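Data block below; observations after.
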Amino acid sequence: MLEFIGTIAGNILSLPGILGFSLGLLTRRPALAAVFGGLVGLLEAMIFSGFSLAAAGGLELAVSVAVGVVAGVLGCLVRRKGAMV
Amino acid sequence: MADPNDTRGALRRIWDWFWTPSSVLSVGFVLIAGFMAGILFWGGFNWSVAASNSEEFCVSCHSMETNLGEYRETVHYNNHSGVRAVCSDCHVPKEWNHKMKAKAIAVKDIFYEITGSIDTAEKYEARRTKMAMAVWKKMKASDSRECRNCHAFEYMDFTMQEVRAGSEHQRAIDQGMTCIDCHQGIAHKLPPNYLEEYEKVARALAPGTRPEAHQSARIDAQAIRSFLSDAR
């Protein structure tokens with residue numbers, strides 16, 4: 001449980017959370033934002049496991065992709081609410 | 001500004017103001033101001049994370065003093081070359097995402113400090129096994145990543161090490177063992193039955209490993225004594 005919450009928090013404060021959110025700001029389309037965020041999550045998991053899917057670990061990967069998707073969509077919502085373009 | 005017909009609550013008004021397009025600030029101004037604020041914020045964040053890695057910070061909690069005392073007796077505190085490993089070198093990862101995860105998990109310790117889970121020597125000893133197992137589990141799972149920030153088998157000159165160390169390290173490479181498999185108690189006192197407890201951790205992480213592969217690097221006085229008396 002603790003491990004799980006820690007993994008989520010760690011991802012929010014690293015690439016998936018921050019870059020995912022920033023990329024989400026670039027679009028008004030939630031689906032695209034989610035894809036951006038998910039890709040960042042995937043990228044992060046790959047970078048920190050030395051580019052081997054086996055080493056990434058299922059949970060680790062799932063959490064970083066999920067956090068990326070949520071951050072991307074959140075960024076997209078901010079874009080819709082806060083910009084006229 | 002104050003419109004008598006405005007029936008919105010204070011929070012609502014702040015919310016609406018926050019999302020109102022700016023007509024007095026240029027895009028450039030907003031971007032530059034945001035950029036500067038970002039640097040300030042990030043610098044401050046980074047600085048606090050770095051500050052929370054200092055030995056002073058760790059032992060600012062009474063609960064951590066037992067470990068400080070034990071660690072002060074070991075080579076990682078005091079040695080001939082003066083190169084040290086502080087608490088965070090072994091307990092906090094260097095890679096950003098692992099570091100953030102460790103910091104987030106450590107927030108639980110504030111709660112334990114307040115409730116005083118280990119605030120007396122008796123309580124500490126009662127909980128030592130459990131805490132040591134948490135640390136072992138982390139190190140075993142990460143292949144002793146924190147140790148390897150400073151130590152690497154690749155650069156060890158086995159001919160310069162004691163005979164036992166050199167041959168054990170060769171065995172470790174051959175069998176894919178990790179530092180914590182043998183150096184369980186490198187910085188603090190070990191809990192009783194630590195070998196058995198360590199086995200539990202290792203087996204839970206990798207079912208099917210041979211238990212005899214794990215062995216302590218501790219000097220086993222009893223074994224040496226019986227070896228000597230047998231030899232005689």
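We name chains A, B, ... by the order of the sequence lines, and we start the count at 1 in each one. Given the structure is predicted, the values throughout are model-derived calculations rather than measurements. Atoms considered below: every heavy atom in the structure, side chains included; atoms not considered: hydrogens, waters and symmetry mates.
Taking the six-membered ring where the residue is Trp, W136(B) and Y198(B) present perpendicular rings, their angle passing 60° and hence far from 30°. Taking the six-membered ring where the residue is Trp, Y77(B) and Y71(B) present perpendicular rings, their angle passing 60° and hence far from 30°.
Side-chain atoms of T178(B) never come within 3.5 Å of backbone atoms of I180(B) as a donor-acceptor pair (strictly under, hydrogens ignored). No donor-acceptor pair closer than 3.5 Å links the side chain of K140(B) to the backbone N or O of D181(B). No donor-acceptor pair closer than 3.5 Å links the side chain of H76(B) to the backbone N or O of V86(B).
A salt bridge between E146(B) and K94(B) is absent, with no side-chain N of the basic residue lying under 4.0 Å from a carboxylate O of the acidic one. Ion pairing between E55(B) and R84(B) holds under the 4.0 Å rule for side-chain N and carboxylate O.
Residue E3(A) touches chain B through both its backbone and its side chain, counting heavy-atom pairs closer than 4.5 Å. With a 4.5 Å cut-off on non-hydrogen atoms, F18(B) does not touch chain A at all.
You'll find the side chain of H188(B) reaches within 4.5 Å of the side chain of R128(B), heavy atoms only. I5(A) has its side chain out of reach of I105(B): every pair of non-hydrogen atoms, C-beta onward, lies at least 4.5 Å apart.
Contact count against chain A (heavy-atom pairs under 4.5 Å) is highest for K101(B) among K138(B), K101(B), K108(B).
Contacts with chain B (heavy atom to heavy atom, under 4.5 Å) involve these residues of residues 70-79 of chain A, listed by number: V78(A). Heavy-atom neighbours of chain B within the stretch residues 6-19 of chain A, taken at a separation under 4.5 angstrom, comprise G6(A), T7(A), A9(A), G10(A), L13(A), S14(A), I18(A).
Distance check: S64(A) OG to M46(A) CE gives 10.0 Å after rounding to the nearest 0.5 Å. Atoms CG and CD, from L68(B) and E56(B) in turn, are 9.5 Å apart once rounded to the nearest 0.5 Å.
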